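Atoms within a ligand are numbered from 1 in the order they appear, just like the ligands themselves. Everything numeric here is computed off the predicted structure, so don't read it as measured data.
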Amino acid sequence: MSEFDVIIVGAGPAGASAAIKLAGAGSSVLLVERGDPPGSKNVSGGVLWGDSLGSVAPDWEKAAPMERYVEAKGVSFLTKDSKISIDFRSKKLQERRSGYTVLRTKLDGWLSKKAKDAGAMVASGITVDKLAFKDDRVIGVEQDGDIITSDIVILAEGANPRVAINSGIRERLKDRDVAIGVKEIIKLPEKTINERFNLTSSKMGFASEYVLGFLEGGVKAGGFIYTNKESISLGLVISMKEMRQNNNTRSFDLIEQFKEHPYIAPLIDGGRVDEYSAHMVQEGGLKSVPQLYGNGFMVVGDGAGFSFSNGMVLQGMNYAIASGIAAAESAIKAKIKSNFTMEGLSSYEERLKSSFVLQDLMNFKGIEEVTWSDMIHRGIPNMSEELFLSLFSENGQPKAHMINLLIRAMGHSDVPRKDMVINMYRMLRRM
Ligand SMILES: Cc1cc2nc3c(=O)[nH]c(=O)nc-3n(C[C@H](O)[C@H](O)[C@H](O)COP(=O)(O)OP(=O)(O)OC[C@H]3O[C@@H](n4cnc5c(N)ncnc54)[C@H](O)[C@@H]3O)c2cc1C
């Protein structure tokens, strides 16, 4: 007989949500987390989109440590001298409470406590080495040669899935699977944040993604700025391939270039860097999804490749929570039938397929090729800068029609027009 019904590796949003659901349903659960306390190893932008948390914590909007709800959402293209932005503000976003900014140290601590309160055993400060097998079935986890047994193991170890790789249930990561995320938390007074981001209350938040078309060496990266109550989360997501191809590129140089941009620097002026962190970001789309379940195990969250990024939003926490809950539900079903085999856990994939988790990945298959394309990172920023300069400069000459300005502006980007048109068509289809 196993020591636990379920062992969960990793107390991020995926693992903690699975633990809350399972313990709440009466299963004996061990939630193992290498960070002590939970959350101390985690990095996220982060905006928590959607209401997936509602199914494990119905009162989450009031009880969870949310910073600000996103009422202002931006998307900007930056060139060396310009910022071309959409700044969407809507009372309707406020009514829908679409997204909240969060700080992971607080959120993960809260989720782990919820798991503990529901009856799970939370073991923090322990790093699982690999899965333990008997014949072809997972029977628990191994750490420093000790084996703890369970009927099912849920791997919720995030974007760097070493346990899965060390256990031979997935391949090593490829450059296309992940990007590098670097982030700073910059302290500023609440009032200053409200004034700088034009926020009328301290509950209201601003979240924006930036395409950084000006970085030295043409490195492709996206930036983000999210407002917390008394701090700003500012960071970059950088293509792993680009980093590898250009040995001179250092993530900390790139974040400095972002911070020094003429239209970013005033937003953080006088702020104090309180935290600096780096983490892998799951980016590979459907191609990065590994085997999701097998005899005695399931894989959830970033470790399963579940994330969505289209340059306008970066989402992973909502997929992590939803997949953690789906795995928990399948584990509950498997326990009822006492069937922990691959067949007994197959309902996990069915649940994911009938939810946004796998549907988004399937519907937006290949989107990462658009997100990291030359068109997005060099073409559009340069083209739109030229277009708006033409539109908003008066030089005493007859005005040209928009279509002519657009064609001319396309010539100002170093991406060939033919590639721009093909990629724009691809972008419209894939986005
Ligand atoms: C810079 C950056 C910005 C992001 N911005 C956003 C955003 O704005 N919105 C959004 O939704 N998502 C964002 N994401 C993605 C989001 O953070 C992830 O999708 C999400 O955290 C995945 O949750 P998870 O539970 O699967 O993994 P994680 O949150 O990574 O949790 C995994 C946990 O497992 C633990 N662990 C790992 N290995 C072991 C082991 N061997 N033994 C024990 N414990 C282990 C880790 O310490 C960690 O606590 C961002 C990510 C980064 C890096």
Numbered atoms of ligand 1 (with element) below 4.0 Å of [X], judged on heavy atoms:
X: Val281; value: 52 (C), 53 (C)
X: Gly158; value: 27 (O), 30 (O), 32 (C)
X: Gly12; value: 25 (O), 29 (O), 31 (O), 33 (C), 49 (O)
X: Gly46; value: 7 (C), 8 (O)
X: Glu157; value: 32 (C), 34 (O), 37 (C), 38 (N)
X: Gln315; value: 10 (C), 11 (O), 12 (N)
X: Val47; value: 7 (C), 8 (O), 9 (N), 10 (C), 11 (O)
X: Gly301; value: 26 (O)

Partner of Glu67 under salt bridge (Lys or Arg N to Asp or Glu O under 4.0 Å), chosen from Lys106, Arg104, Lys229: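 For Glu67, the salt bridge (Lys or Arg N to Asp or Glu O under 4.0 Å) test succeeds with only one of Lys106, Arg104, Lys229, which is Lys106.
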Any donor-acceptor N/O pair, [X] side chain to [Y] backbone, under 3.5 Å:
X: Arg68; Y: Asn228; result: yes
X: Thr105; Y: Gly39; result: no
X: Asn295; Y: Met342; result: yes
X: Glu142; Y: Val128; result: no
X: Asp108; Y: Gly12; result: no
X: Ser27; Y: Val29; result: no
X: Trp372; Y: Arg176; result: no
X: Asn310; Y: Met312; result: yes

Does an N or O anywhere in [X] fall below 3.5 Å from an N or O of ligand 1?
X: Val237; value: no
X: Pro13; value: yes
X: Arg34; value: yes
X: Thr127; value: no
X: Lys183; value: no
X: Gly181; value: no
X: Ala159; value: no

If we set the cut-off at 4.0 Å for heavy atoms, which region of [X] has an atom near ligand 1: side chain, backbone, both, or neither?
X: Ala156; answer: backbone
X: Tyr226; answer: side chain
X: Arg104; answer: side chain

Go through the steps to decide whether Ser202 and Asn194 satisfy the test side chain to side chain donor-acceptor pair (under 3.5 Å), and finish with yes or no. CA-CA 7 Å; Ser202 298; Asn194 294 348; 3.0 Å; yes
Applying side-chain contact (heavy atoms from CB on, under 4.5 Å), run through Val299 and Gln291 and close with a yes or a no. CA-CA 8 Å; Val299 188; Gln291 181 184 344; over 6 Å; no
Nearest heavy atom to atom 7 (C) of ligand 1 wins, so pick from Leu314, Val9, Val128.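 Among Leu314, Val9, Val128, the closest heavy atom to atom 7 (C) of ligand 1 comes from Leu314.
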Atom CZ in Phe306, atom CG in Leu352: separation rounded to 0.5 Å?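 Nearest 0.5 Å value for the CZ-CG distance: 4.5 Å.
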Roughly how far, to the nearest 0.5 Å, is CD of Glu260 from CD1 of Ile264?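 CD of Glu260 is found 12.0 Å from CD1 of Ile264.
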If we only consider heavy atoms of Gln143, is any one of them less than 4.0 Å away from an atom in ligand 1?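 Contact absent.
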Does ligand 1 have any atom sitting under 4.0 Å from a heavy atom of Ile126?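 True for this residue.
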